[in-house]
**Student:** 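What follows is a structure written as structure tokens; I'll ask about it next.
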Amino acid sequence: MKREHNYPIGTPGKPWGDEEKAQWLAQTTIKRSYQQEVVSKIKALETDFDLFQYGALSYDVDKYPLFAIKTRNWDSSKPIVLVTGGVHGYETSGVHGALQFAATKAAQYSDRFNIVIAPCVSPWGYEVINRWNPNTVDPNRSFYADSPSEEAAKLMKMVDSLEGEVLVHIDLHETTDTDELEFRPAREARDGKLYIEDGVPDGFYTVGDTENPQPDFQKAIIDSVRKVTHIAPPDADGNIIGSPVQQEGVINYPLKALSLCNGMTDCTYGTTTEVYPDSDRASPAQCNDAQVAAITGALDFVIEQLG
């Protein structure tokens, strides 16, 4: 059922201009600290990993440096594993799951892989708990040349500079209740479209690539995560967020066509994880654990394939 326009900014049917975008930005507020909650955890890893800054956001270069974490003894003969979190800054377990993996599991895979982790791609979004950047741009629809998103552009440049080929890319996300309560209504208002309500799946799922789905790889992730938290069921139409379920807990998107983060490389094995933190059946700790389980399940599968 179609809802009437219900977003407080803009005119129904008319895309936002500079005035509406300024109104939107004016109502955002800082709700948590990137420096205290994220950067401090990154710097705590410096005894075991190589940390490097790959840029800073122009909104405040001192407040929003961009960091990545690399395993030591980089060897160009080993394949690269790329882990990204916080492309949507409000998706908390994407950030803290990436950091937890670095702190607890990454070292045990470093003999087989070069691992690079960008735990918080959108630190401004992390602080204001929002999907967009200050320019009302969604970084996760902006992974293309001459990107309008600083967050996406700087990450792509960093990945392009890595020595070797990316074999695995795991992009950590959440699907939250605010997707339907705030962010999708805001997006449709911004674009002058009518908001059509959808549901939020209760549980974990992954998004594979329509052009390179790797179903066994996705299944390995689902099987690993189910030990930690529940897997999202399909809706009455057999869909999750409007896309047909390919197997339990797995849907596919055309990643490159949509300019999504997980389509930014030509990796053989790629997945986007989606945790549901608002479930009555999942705690924040479980959400972080689910992200770690997704990464380890993925890497264990790839190691088996490599032999």
Side-chain angles (χ1 to χ4, degrees), residues 38-39 41-42 44-45 48-54 66-72 74 78-89 91-123 126 139-140 143 151-152 154-174 204 206-209 214 217-218 220-221 224-225 228 255 260-275 287-303:
V38 180
V39 174
K41 291 184 178 181
I42 294 171
L45 298 168
D48 298 313
F49 296 90
D50 291 332
L51 311 181
F52 67 99
Q53 184 177 337
Y54 64 91
L66 299 167
F67 288 107
I69 303 160
K70 288 173 67 175
T71 48
R72 291 202 168 135
W74 193 272
K78 294 190 294 189
I80 296 172
V81 172
L82 173 64
V83 178
T84 48
V87 174
H88 290 147
E91 297 172 7
T92 305
S93 74
V95 176
H96 291 284
L99 290 167
Q100 184 172 314
F101 169 73
T104 63
K105 298 291 185 180
Q108 72 187 54
Y109 293 97
S110 62
D111 60 331
R112 298 298 300 266
F113 304 108
N114 298 315
I115 302 174
V116 59
I117 304 165
C120 191
V121 175
S122 297
Y126 181 87
N140 203 35
F143 283 85
E151 297 85 351
K154 292 179 188 299
L155 181 64
M156 288 189 290
K157 184 177 180 180
M158 182 272 283
V159 172
D160 286 344
S161 73
L162 296 174
E163 184 181 354
E165 296 295 325
V166 176
L167 178 67
V168 184
H169 180 190
I170 305 165
D171 190 28
L172 308 179
H173 283 257
E174 295 182 342
F204 178 93
T206 67
V207 182
D209 186 356
Q214 296 289 344
F217 173 69
Q218 306 296 340
I221 295 169
S224 181
V225 172
V228 175
L255 301 179
L260 298 175
C261 181
N262 202 243
M264 67 182 286
T265 75
D266 292 322
C267 67
T268 301
Y269 300 105
T271 194
T272 301
T273 68
E274 295 285 355
V275 174
C287 290
N288 294 342
D289 290 345
Q291 302 284 22
V292 175
I295 302 169
T296 59
L299 297 187
D300 290 342
F301 175 86
V302 173
I303 288 172

**Student:** Might you work through the side chain to side chain contact (heavy atoms under 4.5 Å, CB included) test for Leu299 and Val81, ending with a clear yes or no?
**Tutor:** CA-CA 9 Å; Leu299 297 187; Val81 172; 3.7 Å; yes
**Student:** Is it true that, when you exclude Gln53 itself, more than 12 heavy atoms of the residues, nucleotides or ligands shown sit nearer than 6.0 Å to its CD?
**Tutor:** yes
**Student:** Is a side-chain donor-acceptor pair under 3.5 Å present for Asp171 with His173?
**Tutor:**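 Yes, side-chain donor-acceptor contact under 3.5 Å.
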**Student:** Whether the side chain of Thr71 engages the backbone of Ile115 through a donor-acceptor N/O pair (distance < 3.5 Å, no angle test) should be reported.
**Tutor:**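 Yes, Thr71 side chain to Ile115 backbone: donor-acceptor pair under 3.5 Å.
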**Student:** List in chain and number order the residues that pass side-chain contact (heavy atoms from CB on, under 4.5 Å) with Ser224, two or more places apart in sequence or in another chain; answer none if no residue qualifies.
**Tutor:** Ala293, Thr296
**Student:** Is there a donor-acceptor pair closer than 3.5 Å between any side-chain N or O of Asn262 and the backbone N or O of Thr271?
**Tutor:**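 Side chain of Asn262 to backbone of Thr271, a donor-acceptor pair under 3.5 Å: yes, one is there.
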**Student:** Looking only at non-hydrogen atoms, find the nearest pair between Asn288 and Gly97 and report the distance.
**Tutor:**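 In this case the closest contact between Asn288 and Gly97 is OD1-N, 3.9 Å.
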**Student:** Indicate the atoms forming the closest heavy-atom contact of Val95 with Gly86, along with that distance.
**Tutor:** CG2-CA, 3.6 Å
**Student:** Nearest 0.5 Å, please: how far is CG in Asn114 from CD1 in Ile80?
**Tutor:** 6.0 Å
**Student:** One pair to check against side chain to side chain contact (heavy atoms under 4.5 Å, CB included): Val159 and Val116. What are the steps and the verdict?
**Tutor:** CA-CA 9 Å; Val159 172; Val116 59; over 6 Å; no
**Student:** Report yes if the side chains of Phe143 and Leu155 come closer than 4.5 Å at any heavy-atom pair, otherwise no.
**Tutor:** yes
**Student:** Report the C-alpha distance between Thr84 and His169 in whole Å, list the side-chain angles of each, state the deciding distance to 0.1 Å, and finish with yes or no for side chain to side chain contact (heavy atoms under 4.5 Å, CB included).
**Tutor:** CA-CA 8 Å; Thr84 48; His169 180 190; 2.9 Å; yes
**Student:** Check whether any side-chain heavy atom of Lys105 sits under 4.5 Å from a side-chain heavy atom of Ile295, and report yes or no.
**Tutor:**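 Contact flag for Lys105/Ile295 side chains = no.
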**Student:** Looking only at heavy atoms, which two atoms of Ala220 and Gly297 are closest? And how far apart?
**Tutor:**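 Shortest heavy-atom separation between Ala220 and Gly297 comes out as CB-O, 4.1 Å.
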**Student:** State, yes or no, whether a side-chain contact exists between Val302 and Tyr109 at a heavy-atom distance under 4.5 Å.
**Tutor:**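 A side-chain contact under 4.5 Å is absent here.
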**Student:** How many angstroms lie between CD1 in Ile221 and CZ in Phe204, if you round to the nearest 0.5 Å?
**Tutor:**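 Nearest 0.5 Å value for the CD1-CZ distance: 6.5 Å.
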**Student:** Is the shortest heavy-atom distance from the side chain of Trp74 to the side chain of Asp50 under 4.5 Å?
**Tutor:** no
**Student:** What pair of heavy atoms forms the shortest contact from Ala107 to Phe49, and how long is it?
**Tutor:** N-CZ, 4.4 Å
**Student:** Kindly say whether Glu91 contributes a backbone atom to a donor-acceptor pair with the side chain of Glu174 at under 3.5 angstrom?
**Tutor:**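 Not confirmed, Glu174 side chain does not pair with Glu91 backbone.
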**Student:** Decide if atom NZ of Lys78 counts as having more than 12 heavy atoms of other residues, nucleotides or ligands within a radius under 6.0 Å.
**Tutor:**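 Count over threshold, so yes.
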**Student:** With a sphere of 6.0 Å drawn around CD of Gln108, does it hold more than 12 non-hydrogen atoms of other residues, nucleotides or ligands?
**Tutor:** yes
**Student:** To the nearest 0.5 Å, what is the distance between OG1 on Thr273 and CD1 on Ile170?
**Tutor:** 8.5 Å
**Student:** Can you see which heavy atom on Gly270 is nearest to which on Gln218, and at what distance?
**Tutor:** O-NE2, 3.0 Å
**Student:** Under 3.5 Å, is there a donor-acceptor pair linking the side chains of Gln214 and Thr268?
**Tutor:**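 Result is no, nothing qualifies.
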**Student:** Under the rule for side chain to side chain donor-acceptor pair (under 3.5 Å), what residues qualify as partners of Lys70, not counting sequence neighbours?
**Tutor:** none
**Student:** Rounded to the nearest 0.5 Å, how far apart are NZ of Lys41 and CG of Leu45?
**Tutor:**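 Taking NZ in Lys41 and CG in Leu45, the distance rounds to 10.0 Å.
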**Student:** Can you tell me how far CZ of Phe217 sits from OG1 of Thr206, rounded to the nearest 0.5 angstrom?
**Tutor:**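 Nearest 0.5 Å value for the OG1-CZ distance: 8.5 Å.
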**Student:** Heavy atoms, side chains only, cut-off 4.5 Å: are Ile42 and Pro119 in contact?
**Tutor:**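 Yes; the side chains approach each other to less than 4.5 Å.
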**Student:** Roughly how far, to the nearest 0.5 Å, is CD of Gln100 from SG of Cys287?
**Tutor:** 11.0 Å
**Student:** Quick one: closest heavy-atom pair of Leu172 and Gln291, and the distance?
**Tutor:** CD2-OE1, 3.5 Å
